[in-house]
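Everything on this sheet refers to the single structure shown next.
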Amino acid sequence: MQRYFANKVNKNIILGDGDVHHLLHVMRAKKGDEIEAVADNKLYACIIDSLTPLVIKVNYEIPTDSELNEDVTLFFALAKGEKIDFVVQKATELGANKIVLLKTERCVVKFDDKTLKHKLERFEKIAKEASEQSHRLKIPEIMGVVDLKNIPSELLSDINLVAYEKEAGSTDSLFNNVNKGKSVSIMIGPEGGFSEEEVNLLTSKYNFRRVSLGKRILRTETAAVYALSVIGALLEK
Ligand code: SAH
């Protein structure tokens, strides 16, 4: 069944403009059709009460459990081409709650303010569609760009991990640092990796712990997907 993220006002469901268009012109909805809507992190079975004006009524709440039990934040260094699009989509499917775009020493990509605004809108759209597709109750927040040297403390989690390529080896460090009951952040570096100074700053200033993602060096987008997959599996064990 078609599912939309929406607002709920009393028993009425209010869709955004793009979703109204999708419902009426792509799905060709009729009066009496049923849809599902997610509002305030809850899933509702709804019915289309009228088309002009569009009135959608909540029928009942559908109990559902599709979120990780802990908040997971991905810090992802600005990467080239469509890599960020890919990572936003996959991180959303894998249950991340926040995606923080990160500027590091070796990031070659730079966005001016105007480009960043457009990019963020695009990433938010990708996250919304991925949340709908993966039946989530939340759309991850996308933030940034944050400088590694100046990370606002409210973005940090109970446990903060940096995937450091020079730690490549046993994955014990990752397994031992993800615990139920604790929110977790994972930071992934750019194509050129982190400098030693950056990793030292992360560990001394913000209490990040270095972790390995196995013996092989992964591309930045693979590293993000790998780390979030393992974290999700550990939290849902
Ligand atoms: N150019 C670097 C690799 C960068 S990989 C080099 O050749 O050493 C991009 C990012 O992915 C890294 O900064 C790190 O965050 C992560 N990463 C990739 N493989 C990893 C591994 N085996 N262990 C830990 N982190 C890894």
> Within 45 degrees of the axis of the six-membered ring of Phe5 and under 6.0 Å from its centre: does Lys128 put its NZ or CZ there?
Replying inline: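 No, Lys128 and Phe5 do not form such a contact.
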Distance-only, no hydrogens or angles: does the [X] side chain make a donor-acceptor pair with backbone N or O of [Y] under 3.5 Å?
X      : Y      : result
Thr73  : Lys98  : no
Lys180 : Lys237 : yes
Ser131 : Lys138 : yes
Glu165 : Phe194 : yes
Asp33  : Ala29  : no
Tyr206 : Asn150 : yes

State, to 0.1 Å, how close [X] and [Y] come at their nearest heavy-atom pair, and which atoms those are.
X      : Y      : result
Glu167 : Val211 : CB-O, 3.9 Å
Ala79  : Thr220 : CB-CG2, 4.2 Å
Gln89  : Ala130 : O-CB, 3.9 Å

>> Walk me through whether Glu70 and Lys182 qualify under salt bridge (charged side-chain N to carboxylate O under 4.0 Å, His left out).
In response: CA-CA 6 Å; Glu70 316 307 334; Lys182 298 222 161 125; over 6 Å; no
To the closest 0.5 Å, what do you measure between [atom1] ([X]) and [atom2] ([Y])?
X      : Y      : atom1 : atom2 : answer
Glu221 : Asp85  : CD    : CG    : 12.0 Å
Lys42  : Ile62  : NZ    : CD1   : 13.5 Å
Phe76  : Ile142 : CZ    : CD1   : 12.0 Å
Ile159 : Asn176 : CD1   : CG    : 11.5 Å

Determine, for [X] against [Y], whether the closest basic-nitrogen to carboxylate-oxygen distance falls under 4.0 angstrom.
X      : Y      : result
Lys103 : Asp147 : yes
Glu191 : Lys83  : yes
Glu121 : Lys117 : yes

> If you draw a 6.0 Å radius around CG in Asp112, do more than 12 non-hydrogen atoms from other residues or ligands fall strictly inside?
Replying inline: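 Yes - once you tally the heavy atoms of other residues, nucleotides and ligands closer than 6.0 Å, there are more than 12.
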>> More than 12 heavy atoms of other residues, nucleotides or ligands under 6.0 Å from CD of Glu196: yes or no?
In response: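 Yes - once you tally the heavy atoms of other residues, nucleotides and ligands closer than 6.0 Å, there are more than 12.
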>> For a side chain to side chain contact (heavy atoms under 4.5 Å, CB included) check, start with the C-alpha distance between Val184 and Leu161, then their side-chain angles and the critical distance, and finish with the verdict.
In response: CA-CA 7 Å; Val184 51; Leu161 307 175; 3.9 Å; yes
> Using the benzene-type ring in the case of Trp, are the ring centres of His118 and Phe111 under 6.0 Å apart?
Replying inline: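 So the answer is no for these two rings.
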> Heavy atoms, side chains only, cut-off 4.5 Å: are Leu102 and Leu78 in contact?
Replying inline: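 No, their side chains stay 4.5 Å or more apart.
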>> Between Ile84 and Phe123, is there a side-chain heavy-atom distance shorter than 4.5 Å?
In response: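 Yes, at least one pair of side-chain atoms sits under 4.5 Å.
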> Using the ring of each side chain (for Trp, its six-membered ring), is His25 parallel, tilted or perpendicular to His21, with breaks at 30° and 60°?
Replying inline: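 Tilted, since the angle between the ring planes falls between 30° and 60°.
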